[in-house]
Enquirer: 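Quick one: the structure is below, and I'll ask about it shortly.
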Amino acid sequence: MPRSTVLTAAGAGVLVAGGLGGYTLWHQHQQTSEQDDGARSAATSFARAWEERSLEKASYVGTSPAGAAQNFRTATHALGDGPVSVEVGKVDRSGSTATATLRVSWTLADGTKFDWDDPVPLATSGDAWGVKIGDRSLWHPKLSANDAFAVNAPSTATRGEILGRGGAKIMSNQTVYDIQIDPGKATRSSVQQLEGVVSADPGSLTGKLRQAQSSGSKTAIPVITYRDSDYASRKSRIEGLTGVLVSERQQPLAPTRTFGQPLLGAVGPVTGEMIKDHPDRYRAGMYAGTSGLQAAYDQTLAPSGGLSVSPRSNPDQILHGSKPQNGKNLQTTLDPKVQGAAEAALTKTGKTPSALVAIDVKTGDVLAAANSPSYGINRALSGRYQPGSTLKVSSTYALLTKGFNPTTKVACPPDIVVDGRRIGNFEKETLSDPTFVEDFAHSCNTAFVQATSSLAPNDMHDAALALGIDQDWGKQLGVPAFTGSVPPTTGKVDQAAASFGQGRTLASPLAVAVMSGSVARGSFIPPALVSGQGGDRTPKPLDANAVSQLHMMMRQVVTNGSGTVMQGTPGGDVYAKTGTAEFTEKGEPVVRAWLTGWQGDVAFAVMVEQVSPGQTGGTVAAPVAKDFFTRLRTG
């Protein structure tokens, strides 16, 4: 045989041997690739099925697709029906088993995303790969085999309460019932019936239903929230109505619907405007403070932490978010007994708007801020009114600190001309040869115009400031309020009008009460309503001689002046100053009635917004004040 042939044959043998070895390596590589692809394909199929919430479409080892799908629904039900994204990451295979790391992102009801890595075991069953059922959950590495997710909503935490003096509960958490309309199920007939039950304007709720249904909206339509007692009387007429939803929750409530309003405020569904202004804090469906202290201190009172997720078997293990925390209580200086007495006393004014503020003389704390009606503006704290003759307390303080002797005789003619302008007393009153003490007691405007004419432009402004009017005590108070305005005078007429609280002078009932409290204690202390707000509250002493003389003069108002209605008030001597502010509004005369002063440890101011011509602070505001102290001291 030729050598070349042998060589060729040998070469061919070598080639054959090398080809068999290469084929074996190639075949093994192909098998490995097929196994890897099979494992990844099973993981991908599982991920897609998860995203679609159709877990029966995936392949499993150790259970049926229907069993896996049921386990998924049970385990993840609390997470809601928000979008889910599941991506396949690394797949580690070893022989006939593998582990695929899935990156899961589940959008929760509050819009946040719950993200986690889920190591999913895979195995072969015959030639096919599938998800292997083991001794732990397929849905999260920290869930046991038959465990489930638990979602802790903010509603599981309670809102803080508003407390008063001594920890008294001013607004405490109580059961309320939210009435809503399901636009997908409600009928025109059922909503018409609901309008009658809740006393809504005919057609108001059916109109909202029609609008929601025409737009295809599925969002529940809020109607009203009832406290327990109000809902109980309507329950039988509401619960059978088609498409009307009733949900129960806890919410801070005052003793009555009108108690402390509008100061305390309310809690309700967040508005679109609130969400727009604070998208980081508010979302649709949330409840928050919508007015008053509830709104101003919403971040303090509201529960903290949004939705959190934990294993049902271990609620303390937080997988997402933070565990909801109860809101913090808000401590105020309000005294429920004093507030209640103030509100009851204001019923004497009927439909006429009015306000009553009470302040603790010793501490300067606000004990009551009552308003009638209870809706609308907070007249007690934010009202801007000419204080009328109540400001004569301040004008007199200005005179006394300049050395004026109150026993000086100052005439009280029915009217007086100042720089060409005629200024008169209320109802043309006059006194015969009076001392200034008598002028003060009977509130003679013309005497004050004469007595203050020699004061410097800043004197009455400085006196008002010393007594607390026009000071900046908003920080100490802890809530917005009008502190008053007594600007330096700019001429004789302006000075004359300022001497008896008209012209450009303005004050709130709170500011007037602060003035009386300052005179009562002999020092100015910035008022406080919300505790712990900071700011200097160090008492600033007043002129002791002037204060002593004012005490005597304000007592004369009650014993022998314009405030004799206050005689015999339970609780001891009352020191007071009446006020009657007259002005023209839309061409018509308007009279505002005031009374301010103190009895014992309580300083006060009463304001009745509009009274009939001929009525005064002594005839209208004084009876309110007397009723207040009678209830407070004997109730």
Enquirer: Within a strict 4.5 Å, meaning less than it, do heavy atoms of the Val590 and Glu609 side chains meet?
Expert: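 No, every pair of side-chain atoms sits at 4.5 Å or beyond.
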Enquirer: Given the rule in the side-chain contact (heavy atoms from CB on, under 4.5 Å) test, do Ile170 and Phe259 qualify, once you have shown the distances and angles that lead to the verdict?
Expert: CA-CA 9 Å; Ile170 302 289; Phe259 187 90; 4.1 Å; yes
Enquirer: Kindly indicate whether a cation-pi arrangement holds for Arg592 with Tyr385, taking the cut-offs as under 6.0 Å to the six-membered ring centre and within 45° of the axis.
Expert: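 Verdict for Tyr385: no cation-pi partner in Arg592.
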Enquirer: Determine whether a donor-acceptor pair (N or O, by modelled atom type, separation under 3.5 Å) exists between the side chain of Ser548 and the backbone of Asn545.
Expert: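 Answer holds: no.
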Enquirer: Say you draw a straight line from CG of Leu399 to CZ of Phe440; how long is it, rounded to the nearest 0.5 Å?
Expert: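 Between atom CG of Leu399 and atom CZ of Phe440 there are 11.0 Å.
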Enquirer: Donor-acceptor pair, distance only, cut-off 3.5 Å: does the side chain of Thr564 make one with the backbone of Val558?
Expert: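 No; judged by distance alone, with no hydrogens or angles, the pair does not exist.
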Enquirer: Indicate yes or no for a side-chain donor-acceptor contact from Arg227 to the backbone of Ser229 under 3.5 Å, with no hydrogens or angles considered.
Expert: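 No.
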Enquirer: Locate the shortest heavy-atom distance separating Ala622 from Gly618; write the atom from each residue and the value.
Expert: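 Scanning both residues, the minimum pair turns out to be CB-O, 3.3 Å.
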Enquirer: Considering all heavy atoms of both residues, which atom of Val338 and which atom of Ala358 are nearest to each other, and what is their separation?
Expert: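 Looking at all heavy atoms of both residues, the closest pair is CG1-CB, 3.8 Å.
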Enquirer: Is there side-chain contact between Pro252 and Ile162, with at least one heavy-atom pair below 4.5 Å?
Expert: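 Counting from C-beta outward, Pro252 and Ile162 never come under 4.5 Å.
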Enquirer: When rounded to the nearest 0.5 angstrom, what distance separates CG in Asn371 from OG1 in Thr258?
Expert: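 Reported value, rounded in 0.5 Å steps: 11.0 Å.
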Enquirer: Could you report the tightest heavy-atom contact between Gln599 and Pro570, atom names first, then the distance?
Expert: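 What the structure gives for the nearest pair is NE2-O, 2.9 Å.
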Enquirer: Got Ser382 and Ser508 here, is their nearest side-chain heavy-atom distance under 4.5 Å?
Expert: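 Ser382 vs Ser508: side chains apart.
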Enquirer: I'd like to know if the side chain of Glu582 reaches the main chain of Pro589, judged simply by a donor and an acceptor atom lying under 3.5 Å from each other, with no hydrogens or angles considered.
Expert: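 Side chain of Glu582 to backbone of Pro589: no pair is present.
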Enquirer: Could you check if a side-chain atom of Trp473 sits within less than 4.5 angstrom of a side-chain atom of Phe524, using non-hydrogen atoms only?
Expert: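 Answer yes - side chains close enough.
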Enquirer: To the nearest 0.5 Å, how far apart are CG in Asp228 and NZ in Lys235?
Expert: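 The NZ atom of Lys235 is 9.0 Å from CG of Asp228, to the nearest 0.5 Å.
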Enquirer: Does a donor on one side chain and an acceptor on the other come within less than 3.5 Å for Ser516 and Thr596?
Expert: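 Yes, a side-chain donor-acceptor pair sits under 3.5 Å.
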Enquirer: Would you call Met515 and Ser394 a side-chain contact if the rule is heavy atoms closer than 4.5 Å?
Expert: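 A side-chain contact exists here, since the closest heavy-atom pair is under 4.5 Å.
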Enquirer: Is it the case that the side chain of Arg159 and the backbone of Pro303 share a donor-acceptor pair, with hydrogens and angles ignored and the cut-off at 3.5 Å?
Expert: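 Pair absent, no side-chain N/O of Arg159 close to backbone of Pro303.
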Enquirer: Can you spot which of Ser443, Ser562, Ser389 makes a side chain to side chain donor-acceptor pair (under 3.5 Å) with Lys577?
Expert: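 Of all the options given, the one that passes is Ser443.
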Enquirer: Is Gln533 reaching over with its side chain to a backbone N or O of Leu477, donor-acceptor style, under 3.5 angstrom?
Expert: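 No.
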Enquirer: Can you confirm whether the side chains of Gln495 and Thr489 place a donor and an acceptor under 3.5 Å from each other?
Expert: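 Gln495 vs Thr489: donor-acceptor pair found between side chains.
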Enquirer: Can you tell me how far the CD atom of Gln251 sits from the OG1 atom of Thr225, to the nearest 0.5 Å?
Expert: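 Answer for the CD-OG1 pair, Gln251 versus Thr225, is 6.0 Å.
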Enquirer: Is the number of heavy atoms from other residues, nucleotides or ligands under 6.0 Å of Arg257 CZ greater than 12?
Expert: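 Incorrect, the count does not exceed 12.
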Enquirer: Less than 4.5 Å apart, any side-chain heavy atom of Arg281 and any of Gln299?
Expert: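 Yes - at least one pair of side-chain heavy atoms lies under 4.5 Å apart.
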Enquirer: To the nearest 0.5 angstrom, please state how far the CD1 atom of Ile423 sits from the CZ atom of Phe448.
Expert: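 With rounding to 0.5 Å, CD1 (Ile423) is 14.0 Å from CZ (Phe448).
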Enquirer: I'd like to know if the side chain of Gln476 reaches the main chain of Ala528, judged simply by a donor and an acceptor atom lying under 3.5 Å from each other, with no hydrogens or angles considered.
Expert: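 Not at all, since once roles are kept as given, no pair shorter than 3.5 Å links the two residues.
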Enquirer: Exactly one of Val479, Thr483, Ile359 should register a side-chain contact (heavy atoms from CB on, under 4.5 Å) with Leu510. Which one does?
Expert: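 Of Val479, Thr483, Ile359, side-chain contact (heavy atoms from CB on, under 4.5 Å) with Leu510 is met by Ile359 alone.
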Enquirer: Working note: Gln250 + Thr175, criterion side-chain hydrogen bond (donor to acceptor under 3.5 Å, both in side chains); need CA distance, chi angles, decisive distance, verdict.
Expert: CA-CA 5 Å; Gln250 293 290 300; Thr175 301; 2.9 Å; yes
Enquirer: Mark yes or no for whether Lys169, through its side chain, and Glu161, through its backbone, hold a donor-acceptor pair below 3.5 Å.
Expert: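 The answer is no, because no donor-acceptor pair under 3.5 Å joins these two groups.
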Enquirer: For a side-chain contact (heavy atoms from CB on, under 4.5 Å) check, start with the C-alpha distance between Thr619 and Val565, then their side-chain angles and the critical distance, and finish with the verdict.
Expert: CA-CA 7 Å; Thr619 61; Val565 167; over 6 Å; no
Enquirer: Without swapping roles, check the side chain of Thr580 against the backbone of Thr616 for a donor-acceptor pair under 3.5 Å.
Expert: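 No; zero donor-acceptor contacts below 3.5 Å.
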Enquirer: Does Lys362 have more than 12 heavy atoms from other residues, nucleotides or ligands lying within 6.0 Å of its NZ?
Expert: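 Atom NZ in Lys362 is not packed in, count stays at 12 or less.
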Enquirer: Stepwise, does the side-chain contact (heavy atoms from CB on, under 4.5 Å) test hold for Leu293 with Leu529?
Expert: CA-CA 10 Å; Leu293 292 178; Leu529 194 152; 4.2 Å; yes
Enquirer: Would a 4.5 Å heavy-atom cut-off, applied to side chains only, mark Val602 and Leu367 as touching?
Expert: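 Yes, at least one pair of side-chain atoms sits under 4.5 Å.
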Enquirer: Salt bridge (charged side-chain N to carboxylate O under 4.0 Å, His left out) between Lys402 and Asp543: does it pass, once the steps are laid out?
Expert: CA-CA 10 Å; Lys402 298 299 181 182; Asp543 184 294; over 6 Å; no
Enquirer: Which pair of heavy atoms, one from Ala369 and one from Leu381, lies closest together, and at what distance?
Expert: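 The answer is CB-CD1, 3.5 Å.
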Enquirer: Does atom CG of Asp472 have more than 12 heavy-atom neighbours from other groups under 6.0 Å away?
Expert: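 12 or below, so no.
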Enquirer: Using 0.5 Å steps for rounding, measure from the CG atom of Leu334 to the CZ atom of Arg165.
Expert: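 Rounded to the nearest 0.5 Å, the CG-CZ separation comes to 10.0 Å.
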Enquirer: When you measure from the side chain of Gln471 to the backbone N and O of Gly468, does any donor-acceptor pair fall under 3.5 Å?
Expert: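 Flag not set: sc Gln471 to bb Gly468 has no pair under 3.5 Å.
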Enquirer: NZ of Lys337: more than 12 outside heavy atoms within 6.0 angstrom?
Expert: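 Above 12, so yes.
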Enquirer: Report the C-alpha separation of Lys208 and Asp201 in whole Å, then their side-chain angles, then the decisive distance to 0.1 Å, and conclude whether the salt bridge (charged side-chain N to carboxylate O under 4.0 Å, His left out) test is met.
Expert: CA-CA 12 Å; Lys208 292 181 179 180; Asp201 292 336; over 6 Å; no
Enquirer: Evaluate the criterion salt bridge (charged side-chain N to carboxylate O under 4.0 Å, His left out) for residue pair Asp365 and Arg537; output intermediate values, then yes/no.
Expert: CA-CA 10 Å; Asp365 293 344; Arg537 296 193 71 211; 3.1 Å; yes
Enquirer: For a quick test of reading the model, state the closest non-hydrogen atom pair linking Arg504 to Asp494 and the distance between them.
Expert: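 Looks like NH2-OD2, 2.7 Å.
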Enquirer: Would you check if Asp439 and Phe436 make a side-chain contact, meaning some heavy-atom pair closer than 4.5 Å?
Expert: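 In contact.
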Enquirer: Run the side-chain contact (heavy atoms from CB on, under 4.5 Å) test on Val519 and His551 for me, step by step, so that the C-alpha distance in whole Å, both residues' side-chain angles and the decisive distance to 0.1 Å come before the verdict.
Expert: CA-CA 8 Å; Val519 174; His551 280 220; 3.9 Å; yes
Enquirer: Please name the pair of heavy atoms, one in Pro269 and one in Tyr287, separated by the smallest distance, quoted to 0.1 Å.
Expert: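 Scanning both residues completely, I find the closest heavy atoms to be N-CD2, 3.6 Å.
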